[in-house]
Amino acid sequence: MTRRNRASLKPVRQWQLRKKPRTQSLLSLQLIGFLLVALPLLAGLVVSAVQIGRVTHDSEQLLQRSISAARSARQVHEAVADFARAARQYRVLLDADARAGLDDRHQKLTQQLTAFAAMTDAAELESELAALGRQSRRLRDLTIEISAEEDWPAELSEPFSRLVKSGEGLLLLTESISGRELEQLENMGRTARLAALLILVLAVPVAVLLALLMAGFINRSIRQLDRGMRALARPEHARIEQIKSPRDLRALSVRLEWVRRRLVRSGRDRERLLAQVSHELKTPLSAIREGTSLLADESFGALGERQLEITGIISSNVRRLEQQIENLLRFSRLQSGHTPAIKSGVSPDEVMDRVLERHRLNMETRRLQLQRNTCRTLTVCADTDMLATAFDNLVSNAIKFSPPGQTIGMDIRQRADFARICVADRGPGISVRDRHRLFEPFYRGTGRTRLSVAGSGLGLAICRDLIHAHNGRVYATDHADWSIVFVIELPLNESGRRKP
């Protein structure tokens, strides 16, 4: 590598080795983004799971408590009934065994009431249980102490009836409290469902927002890199900015900047080489042209018919070689981004007149007819010389590929907000498989007729670049009366049409 090349690469290396803060790679940023998006969803799932777990636990406890309370209430109700039967039996027998049975039934009732009171925390049940305990003790004492002739006096019948009804009331009250607790549990379930739905409604937009923010952060770097890659089309006019994050895209932007600088240097070297080669070629070509002109003018003596024919062939090939050199130089300038000297009020018809005048003798020699449609008031914004070169390439192609005695068509008119210039011929045409490569540099098609016609394959490529430099376009199309039609579309002048 030369000293100049090393010097040109030095800024890139310094830029690449400049200390930068550590950044994440694209993969790690994607993983972080996935985690951020999943975080609110996971939080919602956790909260919902906690709510569901709490409701499930409370429902299990409530169900167990309701079952136990209902069982205890029935046992108390049965113990009350047993106590009442034992009291009736004692009043009939009035013996020690009946007295022991009465005490045993009362003791069991007291135990059931105590167990029930220990199990429940409802104030209504506690007061009812306490009242049942007091009432059962009073009735026990009254059953033993009362002295009456009948076995079951009214003084015992009515209080025991109230005691049994109190036991039934305790059972109903227990069922009512269990129903209220079940209703409360249903409310808790609905609340838990609403809370889970609310969490979901909040978590999904938050997740989407985080996803958009992360995607925007990554896409911003990708768009910046895309702009840098597009800038490679004009490497001299744009510098690729170094991306700060992520790390792998930053490294890619550094490499692209290095490629851009290499392209700039290669383009300058190519222009310099073409200029030097063209200068070296033009010097002997000028001498050959002058020499053949002197021979053709018979300045050094008369020439025979055969000698004059050879001299004409040499002159024609010298002019062709000079034209190809000019095409190469013009193509190089276009590729390097040469800006056209655009001015307004340029008439495409007047430019076409100049081009046709240059080709008049050639058309007369080949006996070609011209079918032309003009629009003298139409103007565009263009570089006159560049536009003439673009027209010249299309006209010269039409003349070159048209058989002798045929017609060349030209049409210039306004279409909407652009000028439309058409050049058509009745030559061999262009195959469909060659259409997509028609405007590539040095491509001359695959047809035998086109390959047999002399040319460099740069004319259409130069025409395309010239028209693109004017914000226009050029393309080939078909027409029933012509083999091929080349169309140029250019933006109109600001005034649209020139005043006559």
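Taking CD of Glu126 as the start and CG of Leu113 as the end, the distance is 12.5 Å to the nearest 0.5 Å. Here the OG1-CG distance, from Thr389 to Asp465, works out to 12.5 Å after rounding to the nearest 0.5 Å. To the nearest 0.5 angstrom, Leu490 atom CG is 9.5 Å from Asn471 atom CG. With rounding to the nearest 0.5 Å, the separation of OG1 in Thr114 from CD in Gln107 is 10.5 Å. Once rounded to the nearest 0.5 Å, the distance linking OG of Ser68 with CD of Gln75 reads 9.5 Å. Separation of atoms CG (Leu156) and CG (Leu163) is listed at 11.5 Å; rounding is to 0.5 Å.
Closest non-hydrogen pair, Leu378 versus Ala419, comes out as CD2-CB, 3.5 Å. The shortest non-hydrogen separation linking Pro159 to Leu139 is CB-CD2, 3.1 Å. Scanning all heavy atoms of the two residues, the minimum distance from Pro153 to Ile146 falls at CG-CD1, 4.1 Å. Taking both residues in full, the closest heavy atoms of Val80 and Val164 are given as CG1-CA, 3.8 Å, listed atom of the first, atom of the second, then distance. Contact detail for Ser136 and Phe83: the closest heavy-atom pair is O-CZ, 3.6 Å. Between Leu202 and Pro205, the shortest heavy-atom contact is O-CD, 3.4 Å.
Side-chain contact check for Met410 versus Cys422: every heavy-atom pair is 4.5 Å or farther apart. Side chains of His470 and Asp383 form a contact here, defined as non-hydrogen atoms less than 4.5 Å apart. Residues Arg420 and Ile412 form no side-chain contact, since every pair of their non-hydrogen atoms from C-beta on lies 4.5 Å or further apart. For the pair Val351/Val346, a side-chain contact is recorded, criterion being any heavy-atom separation below 4.5 Å from C-beta on. For the pair Leu93/Gln89, a side-chain contact is recorded, criterion being any heavy-atom separation below 4.5 Å from C-beta on. Residues Glu175 and Ile177 fail the side-chain proximity criterion, which asks for heavy atoms closer than 4.5 Å. Proximity of Leu170 to His77: side-chain heavy atoms (C-beta onward) are nowhere separated by under 4.5 Å. Residues Leu125 and Leu173 have side chains in contact (heavy-atom distance under 4.5 Å, counting atoms from C-beta outward).
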- Decide yes or no on side-chain contact (heavy atoms from CB on, under 4.5 Å) for Asp425 and Ile484, but give the supporting numbers first. CA-CA 6 Å; Asp425 64 73; Ile484 189 70; 3.4 Å; yes
- Task: Determine, step by step, whether Thr377 and Cys375 satisfy the side-chain contact (heavy atoms from CB on, under 4.5 Å) criterion, reporting the C-alpha distance in whole Å, the side-chain angles of both residues, the deciding distance to 0.1 Å, and the verdict.
- Result: CA-CA 6 Å; Thr377 59; Cys375 184; 4.1 Å; yes
- Query: Are Val487 and Val485 close enough, and set up right, to give a side-chain contact (heavy atoms from CB on, under 4.5 Å), and what steps lead you there?
  - Reply: CA-CA 6 Å; Val487 181; Val485 179; 4.0 Å; yes
- Query: Does the side-chain contact (heavy atoms from CB on, under 4.5 Å) test come out yes or no for Leu387 and Leu466, once each step is laid out?
  - Reply: CA-CA 7 Å; Leu387 195 59; Leu466 288 171; over 6 Å; no
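Heavy-atom neighbours of Arg74 CZ from other residues, nucleotides or ligands within 6.0 Å: at or below the threshold of 12.
Using a 4.0 Å cut-off between charged side-chain N and carboxylate O, Glu124 and Arg180 make a salt bridge. The pair Glu158-Arg162 meets the salt-bridge criterion, since a charged nitrogen lies less than 4.0 angstrom from a carboxylate oxygen. A salt bridge links Arg99 with Asp103; the closest basic N to acidic carboxylate O contact falls under 4.0 Å.
Separation of the Phe486 and Tyr475 ring centroids does not fall under the 6.0 Å cut-off.
The one candidate from His106, Glu155, Arg138, Arg91 that meets the side-chain contact (heavy atoms from CB on, under 4.5 Å) condition with Thr143 is Arg91. Each of Leu394, Ile488, Ile467 was scored for a side-chain contact (heavy atoms from CB on, under 4.5 Å) with Ile421, with one residue passing: Ile488.
Side chain of Thr120 to backbone of Ala117: no donor-acceptor contact under 3.5 angstrom is found. Within the 3.5 Å criterion, the main-chain N or O of Leu172 finds no donor-acceptor partner in the side chain of Ser176.
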